[in-house]
Amino acid sequence: MSALVTLFDKTFEPFLPESLIQEKIKELAEEINKDYAGKKPLFIAILNGSFMFAADLFKAINIEAEICFIKLASYKGAKSTGNVITAIGLDNDINNRHVIILEDIIDTGKTLSQFLPQLEHQQPSSLKIAVLLHKPDATIHPVHIDYCCFSIPNRFVLGYGLDYDGFGRNLKEIYQLKESE
Ligand code: IMP
Ligand code: MG
């Protein structure tokens, strides 16, 4: 695995090698292939962070399935209720569909815990969450995670779609902020 990566003011060290990431994603895909056979699930991948995870997972899905990509935008609500999350690009009708959300990482859980009720409102047949990474020690807004590749410590990670200030998404492995930083 490659050596240290420096971006702006931060140094990152190797954490999850490419081979392990690919192995876990294949296992997850096999589980989904079994659980969703005949159900024609609709995967909804959340951009930007999940694009590599979604691509590699979807390549290993061998049942009939659809995928779409959305972006979640957060804006200040008119009232003092904090930020409101809105989905950009969700053109598919999810009513009576088996939906699987693909997300790069659950950190605080805030984004998904705000967004999921909006999807539930459209009454899909089922709604499950598949994530590449979960930081249980950082999660303060509980989200029920159905499929997860890795539970990781509460430390900033980079690569394989995840960025630091827009950069580092192209790394094939996942890096972690260096211990001393
Ligand atoms: P939340 O805190 O669970 O709402 O996470 C929101 C988003 O923050 C995730 O979907 C990621 O895009 C981003 N994020 C959270 N933790 C990290 C990290 O360690 N590295 C890179 N992006 C992160
Ligand atoms: Mg994300």
Side-chain angles (χ1 to χ4, degrees), residues 1-18 20-22 24-25 28 42-58 67-77 81-90 99-121 127-181:
M1 201 165 167
S2 343
L4 299 180
V5 166
T6 300
L7 273 182
F8 308 108
D9 53 332
K10 301 259 186 287
T11 304
F12 298 86
E13 57 195 5
F15 177 45
L16 302 171
E18 187 183 0
L20 185 61
I21 297 169
Q22 294 302 330
K24 285 279 181 189
I25 290 175
L28 199 153
L42 169 66
F43 291 87
I44 300 180
I46 300 178
L47 295 172
N48 294 325
S50 75
F51 77 100
M52 280 204 194
F53 170 50
D56 284 337
L57 179 77
F58 202 59
I67 190 166
C68 69
F69 295 82
I70 66 166
K71 199 155 184 170
L72 295 181
S74 150
Y75 62 91
K76 274 250 175 289
T81 45
N83 288 351
V84 180
I85 296 270
T86 175
I88 301 167
L90 185 54
V99 173
I100 306 168
I101 302 289
L102 302 180
E103 176 64 307
D104 53 353
I105 185 166
I106 306 269
D107 184 38
T108 64
K110 189 165 184 237
T111 318
L112 274 192
S113 67
Q114 287 186 352
F115 176 56
L116 290 178
Q118 295 182 28
L119 289 182
E120 273 156 5
H121 190 70
L127 179 60
K128 290 199 174 176
I129 315 294
V131 298
L132 178 68
L133 306 167
H134 178 213
K135 290 180 185 167
D137 294 341
T139 307
I140 48 175
H141 305 268
V143 174
H144 181 84
I145 302 170
D146 301 280
Y147 303 98
C148 174
C149 291
F150 301 97
S151 273
I152 62 168
N154 187 8
R155 181 174 279 272
F156 194 83
V157 286
L158 176 77
Y160 195 71
L162 292 116
D163 70 305
Y164 172 49
D165 231 356
F167 288 83
R169 294 192 198 274
N170 50 325
L171 297 163
K172 291 186 184 71
E173 311 87 8
I174 292 175
Y175 289 75
Q176 196 175 41
L177 189 63
K178 205 163 172 279
E179 196 84 49
S180 55
E181 304 260 323

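It should be emphasised that the depicted structure is a prediction, and the values quoted were computed from it without experimental measurement. Ligands are counted one by one from 1 in listed order, and the atoms in each one are counted from 1 as well.
- Of the candidates Ile46, Ile85, Asp104, it is Asp104 that places a heavy atom closest to atom 12 (O) of ligand 1.
- Residue contact check: Lys135 has heavy atoms under 4.0 Å from atoms 16 (N), 17 (C), 18 (C), 19 (O) of ligand 1.
- Short contacts between ligand 1 and Lys110, defined as distances under 4.0 Å to a heavy atom of the residue, involve ligand atoms 3 (O), 4 (O).
- For ligand 1 and Asp163, the ligand atoms under 4.0 Å from any heavy atom of the residue are 21 (C).
- The nearest non-hydrogen atom to atom 18 (C) of ligand 1, considering only Phe156, Tyr164, Tyr175, comes from Phe156.
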Donor-acceptor contacts, no H, no angles, side chain residues 135-142, under 3.5 Å, sequence neighbours left out:
from   : atom 1 : to     : atom 2 : distance (Å)
Lys135 : NZ     : Arg155 : O      : 3.4
Thr139 : OG1    : Asp107 : O      : 2.8
Thr139 : OG1    : His134 : NE2    : 3.0
Thr139 : OG1    : Lys135 : O      : 2.9

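- In summary, the side chains of Asp56 and Tyr160 do present a donor paired with an acceptor at a separation below 3.5 Å, with no hydrogens or angles considered.
- Ligand 1 places these atoms under 4.0 Å from at least one heavy atom of Glu103: 10 (O).
- Ligand 1 places these atoms under 4.0 Å from at least one heavy atom of Thr111: 1 (P), 4 (O), 5 (O), 6 (C).
- In this view, Asp163 and Arg169 satisfy the salt bridge (Lys or Arg N to Asp or Glu O under 4.0 Å) rule, not counting sequence neighbours.
- Both the backbone and the side chain of Val157 come within contact range of ligand 1, each with a heavy atom under 4.0 Å.
- Ligand 1 has a nitrogen or oxygen under 3.5 angstrom from a nitrogen or oxygen of Gly109.
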